[in-house]
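Only a predicted model underlies this, so the values are computations on that prediction, with no experimental measurement involved. Atoms within each ligand, like the ligands themselves, are counted from 1 in listed order.
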Amino acid sequence: MKAAYITQPGPPENIRYGDLPPPQPGDMQALVKVAAVSVNPIDTYIRLGMVTMDFPKPYIVGCDVAGTVEAVGLRVKGLKPGDRVWGSNQGLLGRQGTFAEYAAVDEHWLYGTPENVSHRDAAAIALVGITAHLGLMRDAKLQPGEVLFVHGGSGGVGSCVVQMAKIVGARVITTAGSEEKAEICRRLGADLAIPYKVENVDEAIRRFAPHGVNVWWETLREQNLERAVGHLAFRGRLILMAGRDSRPLFPVGPFYVKDCSVHGFAMFNAPPDQQRRAAADVNRWLAEGKLRPQIGRVMKLAETAEAHRLQEDATLRKSGALAGKIVLEP
Ligand SMILES: NC(=O)c1ccc[n+]([C@@H]2O[C@H](COP(=O)([O-])OP(=O)(O)OC[C@H]3O[C@@H](n4cnc5c(N)ncnc54)[C@H](OP(=O)(O)O)[C@@H]3O)[C@@H](O)[C@H]2O)c1
């Protein structure tokens with residue numbers, strides 16, 4: 001089968017697109033004929049060698065997948081050939097990645113794709129949808145009427161956080177690097193989208209939420225916690241989930257006197273039952289048209305190296321050239 005893989009960590013040019021033997025599904029696995037995959041920033045960190053985990057050799061890049069079940073292992077109970085499925089959390093913790101024509105995936109990481117949802121949309125929402133759900137529902141316990149702030153409402157995680165917070169009934173503030181991206185955020189439901197390059201974000205937040213922000217979701221890799229904690233309301237929750245090298249100062253005084261809490265998490269640590277609960281809501285909202293994946297680019301699987309270059313430039317060098325997910329198809 002064709003696959004995008006590396007044999008050594010390094011720059012995007014290390015990604016080869018070529019033939020590898022197709023995987024054999026284990027007893028508890030389904031063999032998925034891949035229809036679409038999507039890129040996440042962690043794919044680029046892994047390829048660069050920034051993530052310390054065990055990886056198979058050669059290592060097929062990528063976490064997210066959508067496609068059709070081709071065959072199932074002896075002990076698979078809930079899936080059969082022909083089922084449309086999506087999943088995430090591959091290419092991590094010793095598991096092989098998804099950027100290939102076929103992927104063998106444990107049944108417990110796969111979810112049925114609703115009839116009216118395309119493979120492209122399912123692949124685009126996978127990791128970011130589960131991440132947003134875990135942070136908002138499990139950790140922040142966002143409530144109707146609360147105010148939520150998230151940086152980058154047109155980005156992969158940000159666009160899911162904006163939409164899910166609106167589904168909960170929260171009031172949503174976000175930022176955008178251009179007026180065009182601010183318009184995307186408003187279309188996704190944001191009550192206030194601040195073009196941060198031309199407007200004063202702190203003043204805009206204070207005008208919109210004079211009593212503070214109940215949940216501050218930080219998507220930036222370099223955090224200003226003085227600022228985040230300053231905007232938190234009494235019993236506010238701070239979500240930290242990006243920037244593995246980040247070591248910012250933490251303003252303890254203003255934090256504890258407001259009874260605030262901080263939640264850090266990495267989605268790949270969440271066990272299958274937690275991810276499945278998140279995926280069930282994602283599926284329902286996708287089918288109802290309440291959750292719309294924000295797709296910035298669609299490319300061919302053969303262009304994986306170029307897709308990594310685009311994602312890495314956006315994430316690590318803040319190119320601003322991307323609005324949402326890069327989806328690739330074989
Ligand atoms: N812990 C976890 O489980 C988990 C899961 C998924 C992702 N992550 C991490 O979360 C981060 C975001 O992931 P993603 O997939 O959403 O990436 P993404 O699609 O590239 O989005 C990043 C967003 O950040 C915004 N941004 C960049 N610089 C900014 C600045 N100075 N001020 C305000 N906004 C800025 C960009 O918006 P503009 O272009 O409008 O500036 C963009 O929308 C990454 O670091 C990723 O590794 C963690």
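- Using a 4.0 Å cut-off between heavy atoms, Pro41 contacts ligand 1 through its side chain alone, with no backbone atom that close.
- Going from atom CD of Gln294 over to atom SG of Cys185 covers 8.0 Å, rounded to the nearest 0.5 Å.
- Of the protein's non-hydrogen atoms, the one nearest atom 37 (O) of ligand 1 is Gly152 CA, 4.0 Å.
- To the nearest 0.5 Å, the span separating CG on Asp19 from NZ on Lys2 amounts to 3.5 Å.
- Distances from atom 41 (O) of ligand 1 to the heavy atoms of Trp217, Phe265, Tyr196 put Tyr196 nearest.
- Here atom 10 (O) of ligand 1 lies nearest to Met241 when heavy atoms of Met241, Arg244, Arg317 are compared.
- Gln24 CD: 12 or fewer foreign heavy atoms inside a 6.0 Å radius.
- The distance from atom CE of Met53 to atom CG of Leu93, rounded to the nearest 0.5 Å, is 4.5 Å.
- In this structure, Lys325 falls outside the shell of residues with a heavy atom less than 4.0 angstrom from ligand 1.
- Here Thr174 contributes atom OG1 and Ile205 contributes atom CD1; the two are 9.5 Å apart, rounded to the nearest 0.5 Å.
- Judged by distance alone, the side chains of Arg276 and His108 never bring a donor and an acceptor atom under 3.5 Å apart.
- Looking from atom 20 (O) of ligand 1 to the surrounding protein, the closest heavy atom is Gln311 NE2, 3.5 Å.
- Nearest to atom 28 (N) of ligand 1 among the protein's heavy atoms is Lys318 CD, 3.6 Å.
- In this structure, Asn40 has no heavy atom closer than 4.0 Å to ligand 1.
- Remark: Lys300 does not engage Glu329 in a salt bridge, criterion side-chain N to carboxylate O under 4.0 Å.
- In this structure, Ala266 is part of the shell of residues with a heavy atom less than 4.0 angstrom from ligand 1.
- Within a 4.0 Å radius of atom 6 (C) of ligand 1, the protein has at least one heavy atom.
- Distances shorter than 4.0 angstrom do not occur between any heavy atom of Phe268 and any atom of ligand 1.
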